Amino acid sequence: MEISRDIKYIGVNDHRGELFEGQYVVPNGMAYNSYVILDDKIAVMDTVDVNFTQEWLTKLELVLCGRKPDYLIVQHMEPDHSASVAVFMECYPEAVIVASAKAFAMMKNFFGKDYAERRIVVADGSIFTLGKHELTFFTAMMVHWPEVIVTYDAADKVLFSADAFGKFGALDREDDWVSEARRYYIGIVGRYGQQVQSLLHKLAGCDIQRICPLHGPVLSDNLGYYIGLYQTWAAYEPEKSGVVIAYATIYGNTRKAAELLADKLRERGCEVVVHDLARCDMHQAVADAFCYDRLVLASSTYNADVFPFMKAFIQHLTERQFQNRRIGLMENGSWAPLSSRVMRKMLENSKNLTFADTVVKIFSAVKEENVAEIEALAAELV
Ligand code: FEO
């Protein structure tokens, strides 16, 4: 794949079906992107996952047409991009690694060596010339590890954005970019919104015509749309108007309450997304909670606490700095329902949450008085 006359794509598609980063389901696989800039000097941008080293090296050979790479630019040391660094350096003994100081410290940890004789350390604003292509590096701390740099090529107006602007899904599958990019962003980078905002601010002065991320497709049209989404996500602002109902049920009674609330909200013209936390993709539920402006949590009481799936869900939210939303609570219990108190306590340090006054309190099964409470909660939320 040709990105420009001088920039070639040499990434790979992973369909082995394992969880990405040990927790994210990837039904459409995953792409590990890598690029080559061919100039007076040749730079390879990042490597690939350990299971694809040989495929990647073969693609690299084809692009090189007999030349040798001068530099390996390591933007990010997470193993989905760095696992083939050591093999590359053995294959090309003249090549030099260009990376941040923190990345070289990580190489020592991962590979037992930090390439002290074969390295160039770059920092925020460092400029590096390959010939026609002048590269500027920007540090991108915690987007999504501390050593990350992104690279702007002024000649072709290309931003090599590391994990930023990436998504789940291999490049040989069709899916909805925004849905899988949101699930990826919220899951992986969501905690670091301030750092993402800082990176976007640094890049504001660059004339970017293409974004080449380490996952997902190269973006070349309507870049303002993608950058706008990142600004919304990084600021923890809701993207859509609507209510997410996330429930954790043991015998189905809490589910009945959640579904009744969904009906009442839809009758009022509200967009509603419902997740059964024991059965859905938990990270899709988390992404939806960040996407919409209202969230209802409905949980059975369990061991004087919330049901475990709800506990995990709220932890996923709070560790990603969930904020700026309106919240409704529904609890169930057969002798001492207290899950609403626990859920509220778990959210007490989250910024700018407003709670509906109505709390639906169910003893075992939904009854007439609960229907009235659910009506009242629906009215409050719309
Ligand atoms: Fe795609 Fe943070 O690695």
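Predicted model only: the values in this text are computed from it and were never measured. When a ligand or atom number is given, it counts from 1 through the structure's own listing order.
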Glu368 atom CD, neighbour heavy-atom count above 12 within 6.0 Å: no

is_close_aromatic(His144, Tyr192), centroid dist under 6.0 Å: no

Sorted by first residue and then second, give each salt bridge (Lys or Arg N to Asp or Glu O under 4.0 Å) pair with at least one member in [range]; sequence neighbours left out.
| range | answer |
| --- | --- |
| residues 279-290 | Arg183-Asp281, Asp276-Arg279 |
| residues 104-118 | Asp114-Arg119 |
| residues 198-222 | Asp124-Lys202, Lys157-Asp207 |

same_hphob_cluster(Val158, Val122) at 4.5 Å side-chain heavy-atom cutoff: yes

Listed protein N/O/S atoms, distance to atom 2 (Fe) of ligand 1 under 2.8 Å: His76 NE2, Glu78 OE1, His144 ND1, Asp163 OD2

Name of the His215 atom (N/O/S only) found closest to atom 1 (Fe) of ligand 1: NE2

